[in-house]
*Asks:* 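Okay, here's the structure, questions in a sec.
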Protein chains: 2
Amino acid sequence: MVRVGLNAERLAQAGAELADEVGFEQVTVSALARRFDVKVASLYSHVRNSHDLKTRIALLALRELADRAADVLAGRAGKDALTALANVYRDYAREHPGRYAAAQFRLDPEAAAASDGARHAQMTRAVLRGYDLTEPDQTHAVRLLGSVFHGYVSLEMGGGFSHSAPDSDVTWTRTLDALDALLRNWPAPEA
Amino acid sequence: MVRVGLNAERLAQAGAELADEVGFEQVTVSALARRFDVKVASLYSHVRNSHDLKTRIALLALRELADRAADVLAGRAGKDALTALANVYRDYAREHPGRYAAAQFRLDPEAAAASDGARHAQMTRAVLRGYDLTEPDQTHAVRLLGSVFHGYVSLEMGGGFSHSAPDSDVTWTRTLDALDALLRNWPAPEA
DNA sequence: GCATTTGCCTAAAACCTTTAGGCAAATTAG
DNA sequence: CTAATTTGCCTAAAGGTTTTAGGCAAATGC
């Protein structure tokens with residue numbers, strides 16, 4: 001009975017790796033126990049249940065994403081910052097599809113509050129400092145950017161844009177052009 | 001042994017209702033069997049397996065969504081059509097959260113080919129006829145609209161926009177204003 | 001060195017998935 | 001209108017996941 005040295009953090013880390021390999025949906029307490037060559041029940045000393053495990057993986061992914069975003073935003077502004085932030089999401093999803101799916105996991109209010117969700121909003125807001133938007137338009141724009149980033153990446157990952165021309169990379173570039181143009185020329189509310 | 005009269009279509013229909021009640025994730029062959037007061041194994045004469053059941057629910061949701069879209073687009077053009085189409089997705093997600101989640105289910109290539117996915121793209125393209133876009137910009141715009149609709153609705157459903165002002169309804173309106181403005185003034189590629 | 005805490009274990013119940021094989025109801029054919 | 005066939009739901013059973021309870025041994029602390 002050699003101890004493997006499990007703890008919640010290592011489980012979340014390993015769960016994230018497992019998610020990238022087999023998909024977040026397939027991450028299971030059993031599968032994780034197998035990976036550590038340990039009996040299933042042993043994991044329940046470290047995570048409350050399956051939902052708790054998934055929540056921890058989601059929090060890990062959100063933190064990693066926020067860290068990457070903070071990294072690339074340093075020293076950038078305007079369209080440069082917009083593009084960098086957008087690519088953080090897209091690249092992360094490509095490198096870590098399971099983790100990206102985890103980041104979409106519906107968190108209950110307390111987990112959401114303890115998550116890096118607010119950091120993400122804050123960083124999008126930082127990008128918008130490069131554009132001339134007044135509150136509450138800035139909030140609208142934060143939500144729009146979040147929608148486009150998330151929507152585009154998840155449709156692209158789902159294969160929505162494969163098998164049709166033009167290449168998705170081109171659309172991505174043009175989408176960022178379009179968003180930049182839109183933010184520079186944000187319309188007033190219509191009648 | 002009275003026969004209930006099961007078949008794949010009725011199972012998908014009941015599965016869709018179940019999804020709206022308990023969430024698409026919780027739709028299970030067992031739960032569906034309970035709902036028909038029938039033994040679990042009986043369902044396996046009608047659907048191949050759990051994945052097949054989910055696929056059928058997804059196809060049902062995609063069809064319903066496409067039908068609604070076709071309905072509202074008749075006789076509309078320009079921003080009126082854009083708004084109508086966008087609201088089809090948002091309203092459907094609110095009325096049928098489980099079905100909407102089902103519509104996001106990752107379909108394997110053959111199921112995708114047999115789905116109403118192409119109809120959706122076609123209808124977005126129809127909306128864009130009200131704007132002056134040349135191919136391939138039209139394709140870029142189709143993808144952008146899909147991203148915004150899907151992204152916004154899924155973030156909103158996930159509670160991303162609750163608990164912060166302004167109200168999500170306002171942002172939605174302003175988002176459609178913004179998209180309309182963007183489509184009327186679609187930018188050329190940047191250097 | 002001894003006591004306590006901690007970590008992993010065995011055991012077991014509950015539920016979901018899926019396959020195999022059977023009988024009875026519904027349908028079709030003569 | 002029977003008889004043959006097909007179809008629909010059943011029982012049985014194996015295998016996997018989740019979760020709780022209780023136990024022993026390793027690590028830690030005094």
Side-chain angles (χ1 to χ4, degrees), chain A residues 1-60 98-99 101-102 105-108 110-111, chain B residues 1-60 98-99 101-102 105-108 110-111:
Chain A
M1 278 178 214
V2 186
R3 294 196 183 187
V4 188
L6 303 180
N7 59 56
E9 190 52 33
R10 281 196 66 193
L11 290 183
Q13 186 66 44
E17 287 162 20
L18 182 59
D20 285 335
E21 291 167 22
V22 304
F24 183 61
E25 300 291 294
Q26 321 303 322
V27 171
T28 194
V29 181
S30 295
L32 204 52
R34 272 193 296 277
R35 166 162 297 224
F36 280 104
D37 200 33
V38 138
K39 296 299 171 184
V40 188
S42 306
L43 300 203
Y44 282 85
S45 322
H46 305 286
V47 295
R48 252 201 313 288
N49 50 38
S50 181
H51 184 274
D52 180 38
L53 171 64
K54 286 182 184 147
T55 296
R56 287 173 192 273
I57 299 172
L59 294 177
L60 172 75
R99 284 159 149 99
F105 185 65
R106 175 82 121 111
L107 297 174
D108 40 56
E110 53 169 341
Chain B
M1 276 178 214
V2 186
R3 296 194 180 187
V4 188
L6 303 180
N7 59 56
E9 190 52 33
R10 281 196 66 192
L11 290 183
Q13 185 65 43
E17 287 162 20
L18 183 59
D20 285 336
E21 291 166 23
V22 304
F24 184 61
E25 300 291 295
Q26 322 303 323
V27 171
T28 194
V29 181
S30 294
L32 204 52
R34 271 193 296 278
R35 167 162 295 226
F36 280 103
D37 200 34
V38 138
K39 296 298 170 182
V40 188
S42 306
L43 300 204
Y44 282 84
S45 323
H46 305 286
V47 296
R48 253 202 311 289
N49 49 39
S50 181
H51 183 274
D52 180 38
L53 171 64
K54 286 184 184 144
T55 295
R56 287 173 192 274
I57 299 172
L59 294 177
L60 172 75
R99 283 159 149 98
F105 185 65
R106 176 83 121 110
L107 298 174
D108 40 56
E110 52 168 343

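Below, chain A is the first sequence line, B the second, and so on; all start at residue 1. Just so it is clear, the values below take in all heavy atoms, side chains as well, and ignore hydrogens, waters and symmetry mates. Here the structure is a predicted model, which means the values were calculated and not measured.
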*Asks:* Rounding to a whole Å, what distance do you find between A:Lys39:NZ and D:dA25:P?
*Replies:*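 My rounded result for the distance is 18 Å.
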*Asks:* Can I get a per-line list of side-chain donor-acceptor pairs under 3.5 Å for residues 46-54 of chain A, giving both atom names and the distance, sequence neighbours left out?
*Replies:*
{"from": "A:Asn49", "atom 1": "OD1", "to": "A:His51", "atom 2": "N", "distance (Å)": "3.2"}
{"from": "A:Asn49", "atom 1": "OD1", "to": "A:Asp52", "atom 2": "N", "distance (Å)": "2.8"}
{"from": "A:Asp52", "atom 1": "OD1", "to": "A:Arg56", "atom 2": "NE", "distance (Å)": "3.4"}
{"from": "A:Asp52", "atom 1": "OD2", "to": "A:Arg48", "atom 2": "N", "distance (Å)": "2.7"}
{"from": "A:Asp52", "atom 1": "OD2", "to": "A:Arg56", "atom 2": "NE", "distance (Å)": "3.3"}

*Asks:* Please determine whether a side-chain nitrogen of the Lys or Arg among B:Glu25 and A:Arg106 lies less than 4.0 Å from a carboxylate oxygen of the Asp or Glu.
*Replies:*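 No, no charged N to carboxylate O under 4.0 Å.
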*Asks:* State which residues pass side chain to side chain contact (heavy atoms under 4.5 Å, CB included) with B:Arg34; sequence neighbours excluded, sorted by chain then number.
*Replies:* B:Ser30, B:Ala31
*Asks:* Using atom CZ of A:Arg10 as one end and atom C1' of C:dG7 as the other, report the distance to the nearest whole Å.
*Replies:*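 It works out to 13 Å between those atoms.
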*Asks:* Expected output is a numbered-order residue list: members of residues 11-21 of chain B with a heavy atom under 4.0 Å from any atom of DNA chain C. What is it?
*Replies:* none
*Asks:* Can you give each donor-acceptor pair under 3.5 Å made by side-chain atoms of residues 9-16 of chain B, sequence neighbours left out, with the distance rounded to 0.1 Å?
*Replies:*
{"from": "B:Arg10", "atom 1": "NH1", "to": "B:Val4", "atom 2": "O", "distance (Å)": "3.2"}
{"from": "B:Arg10", "atom 1": "NH1", "to": "B:Gly5", "atom 2": "O", "distance (Å)": "3.1"}

*Asks:* Strictly below 4.0 Å: does A:Ser42 bring a side-chain N or O up to OP1 or OP2 of C:dG7?
*Replies:*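 Looking at the OP1 and OP2 atoms of C:dG7, neither is under 4.0 Å from any side-chain N or O of A:Ser42.
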*Asks:* If you round to the nearest 0.5 Å, how far is CD of A:Glu17 from CG of A:Leu60?
*Replies:*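 It comes to 9.5 Å.
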*Asks:* So B:Ile57 and B:Arg99, do their side chains get closer than 4.5 Å, heavy atoms only?
*Replies:*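 No - every pair of side-chain heavy atoms lies 4.5 Å or more apart.
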*Asks:* If I take atom CG in residue A:Leu32 and atom C1' in nucleotide C:dC8, what distance separates them, rounded to the nearest angstrom?
*Replies:* 15 Å
*Asks:* How long is the line joining CG of A:Asn7 and P of D:dA27, in whole Å?
*Replies:* 16 Å
*Asks:* Which residues pass the ring pair (Phe, Tyr, Trp, His ring centres under 6.0 Å) test with A:Tyr44, not counting sequence neighbours?
*Replies:* none
*Asks:* Between N or O atoms, less than 3.5 Å apart, protein on one side and nucleotides 17-21 of chain D on the other: list the pairs.
*Replies:*
{"from": "D:dT17", "atom 1": "OP1", "to": "A:Arg34", "atom 2": "NH2", "distance (Å)": "3.1"}
{"from": "D:dT17", "atom 1": "OP2", "to": "A:Arg34", "atom 2": "NH1", "distance (Å)": "3.2"}
{"from": "D:dT17", "atom 1": "O3'", "to": "A:Thr28", "atom 2": "OG1", "distance (Å)": "2.7"}
{"from": "D:dT18", "atom 1": "OP1", "to": "A:Thr28", "atom 2": "OG1", "distance (Å)": "2.8"}
{"from": "D:dT18", "atom 1": "OP2", "to": "A:Thr28", "atom 2": "OG1", "distance (Å)": "2.7"}
{"from": "D:dT18", "atom 1": "OP2", "to": "A:Val29", "atom 2": "N", "distance (Å)": "3.1"}
{"from": "D:dT18", "atom 1": "OP2", "to": "A:Ser30", "atom 2": "N", "distance (Å)": "3.1"}
{"from": "D:dT18", "atom 1": "OP2", "to": "A:Ser30", "atom 2": "OG", "distance (Å)": "3.3"}
{"from": "D:dT19", "atom 1": "OP2", "to": "A:Tyr44", "atom 2": "OH", "distance (Å)": "3.2"}
{"from": "D:dT19", "atom 1": "OP2", "to": "A:Ser50", "atom 2": "N", "distance (Å)": "2.7"}

*Asks:* Search all heavy atoms of A:Phe24 against all heavy atoms of A:Gly98 and return the closest pair with its distance.
*Replies:* CB-O, 3.7 Å
*Asks:* Within less than 4.0 Å of OP1 or OP2 of D:dC9, is there a side-chain N or O belonging to B:His46?
*Replies:*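 For D:dC9, OP1 or OP2 has a side-chain N or O of B:His46 closer than 4.0 Å.
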*Asks:* Mind checking A:Leu43 for me? I need base, sugar-phosphate or nothing, with any heavy atom below 4.0 Å counting as a touch.
*Replies:* nothing
*Asks:* Quick one: CZ on A:Phe105 to OG1 on A:Thr55, what's the gap to the nearest 0.5 Å?
*Replies:*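 One finds 4.5 Å between CZ of A:Phe105 and OG1 of A:Thr55.
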*Asks:* Take the protein atom CZ of B:Phe36 and the nucleotide atom C1' of D:dC10, then report the distance between them rounded to whole Å.
*Replies:* 17 Å
